[in-house]
J.: 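My questions will all concern the structure given below.
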Amino acid sequence: MTVSATGGEKRVRDDLQEILLDATTLAVRIEQLGQEIARDYADNVPVCICILRGAAPFLTDLTRATPIHLQIDYMAVSSYGGATRTSGVVRILKDLETSIEGRHVIIVEDIVDSGLTLAYLRDQLLRRQPASLKICALLRKDCPRVVDVPIDYLGFDIPDRFVVGYGLDYRQLYRNLPYVGVLRPEAIQE
Ligand code: IMP
Ligand code: MG
């Protein structure tokens with residue numbers, strides 16, 4: 001039996017209530033963020049830290065839109081398990097391979113919800129004495145933050161809904177969608 005690509009796309013799309021940010025909207029804003037970062041770091045070689053796994057597509061597109069010398073490193077943290085609300089417990093699953101002491105660091109994250117993940121990461125990375133530390137987040141949910149973290153570069157403010165796509169997952173699925181969408185409640189099993 002042949003499975004058509006269109007059929008597969010339709011099934012994934014069927015799990016979504018609506019598309020919040022389409023591929024073009026994402027690309028336009030990310031291009032602007034890249035230009036902004038390039039201006040701010042014209043005299044430095046920043047280290048962009050991608051928070052795995054969700055921020056991977058964003059990091060890739062963002063750094064390609066940032067026409068200066070920069071370095072990339074990866075960190076993996078876990079805070080959600082399989083649920084759609086944070087457990088509040090953040091763990092480092094994979095640490096950096098670069099020393100960031102004396103370096104200009106930009107944390108690149110997919111989404112700020114409670115703020116716990118970024119607050120924890122910021123605290124951990126500041127202990128390593130970088131020359132500067134800024135945060136770039138693609139999305140920020142319009143909800144009361146448990147911890148307030150300063151976001152220096154922000155893609156979009158979005159409503160307080162559970163979103164997937166463009167790196168964001170639900171149970172490790174949907175990360176490959178080229179857009180950000182809202183999952184239908186029926187597709188969520190808690
Ligand atoms: P926070 O610690 O509550 O701010 O949550 C941040 C992390 O939770 C992000 O790095 C995401 O991995 C995940 N997360 C938060 N909201 C969503 C969502 O709507 N969809 C998918 N993942 C999310
Ligand atoms: Mg994440």
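Quick note: numbers below take in every heavy atom, side chains included, and nothing from hydrogens, waters or symmetry partners. One-based numbering, in listed order, for ligands and for the atoms of each.
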J.: Would you mind listing which atoms of ligand 1 come within a distance below 4.0 Å of any non-hydrogen atom of Thr117?
T.: 1 (P), 2 (O), 5 (O), 6 (C), 7 (C)
J.: Does Ile111 reach ligand 1, in the sense of a heavy atom lying below 4.0 Å from it?
T.: yes
J.: Is it true that Asp110 and Arg175 make a salt bridge, defined as a side-chain N closer than 4.0 Å to a carboxylate O?
T.: no
J.: Side chains of Tyr166 and Asp61: do they bring a donor and an acceptor to under 3.5 Å?
T.: yes
J.: Report, in ascending order of atom number, the atoms of ligand 1 lying under 4.0 Å from any heavy atom of Arg161.
T.: 19 (O)
J.: Does ligand 1 have a heavy atom under 4.0 Å from the side chain of Asp169, from its backbone, from both, or from neither?
T.: backbone
J.: Can you tell me if Gly54 contacts ligand 1 (heavy atom of the residue under 4.0 Å from the ligand)?
T.: no
J.: Any idea which atoms of ligand 1 are less than 4.0 Å away from a heavy-atom of Leu116?
T.: 2 (O), 4 (O)
J.: Any chance you could measure Ile158, atom CD1, to Leu20, atom CG, to the nearest 0.5 Å?
T.: 6.0 Å
J.: Taking atom CG as the centre, does Asp43 end up with more than 12 heavy-atom neighbours from other residues, nucleotides or ligands that are less than 6.0 angstrom away?
T.: no
J.: For the atom pair CD1 (Ile30) and OG1 (Thr25), what is the distance rounded to the nearest 0.5 Å?
T.: 10.5 Å
J.: Can you name the atoms of ligand 1, numbered from 1 with element, that are less than 4.0 Å from a heavy atom of Ser114?
T.: 1 (P), 2 (O), 3 (O), 4 (O)
J.: Under the side chain to side chain contact (heavy atoms under 4.5 Å, CB included) rule, collect the residues that match up with Gln129, sequence neighbours excluded.
T.: Glu101
J.: Does some non-hydrogen atom of Val90 fall short of 4.0 Å from ligand 1?
T.: no
J.: Does a side-chain heavy-atom distance below 4.5 Å link Leu177 with Leu16?
T.: yes
J.: Can you tell which part of Leu168 has a heavy atom less than 4.0 Å from ligand 1: side chain, backbone, both or neither?
T.: side chain
J.: Have a look at Arg145, Glu109, Lys141 and point out the one with the heavy atom closest to atom 17 (C) of ligand 1.
T.: Lys141
J.: Counting only nitrogen or oxygen atoms and a 3.5 angstrom limit, does Phe162 reach ligand 1?
T.: no
J.: Indicate the ring-plane relationship of Tyr41 and Tyr153, choosing parallel, tilted or perpendicular according to the 30° and 60° boundaries.
T.: tilted
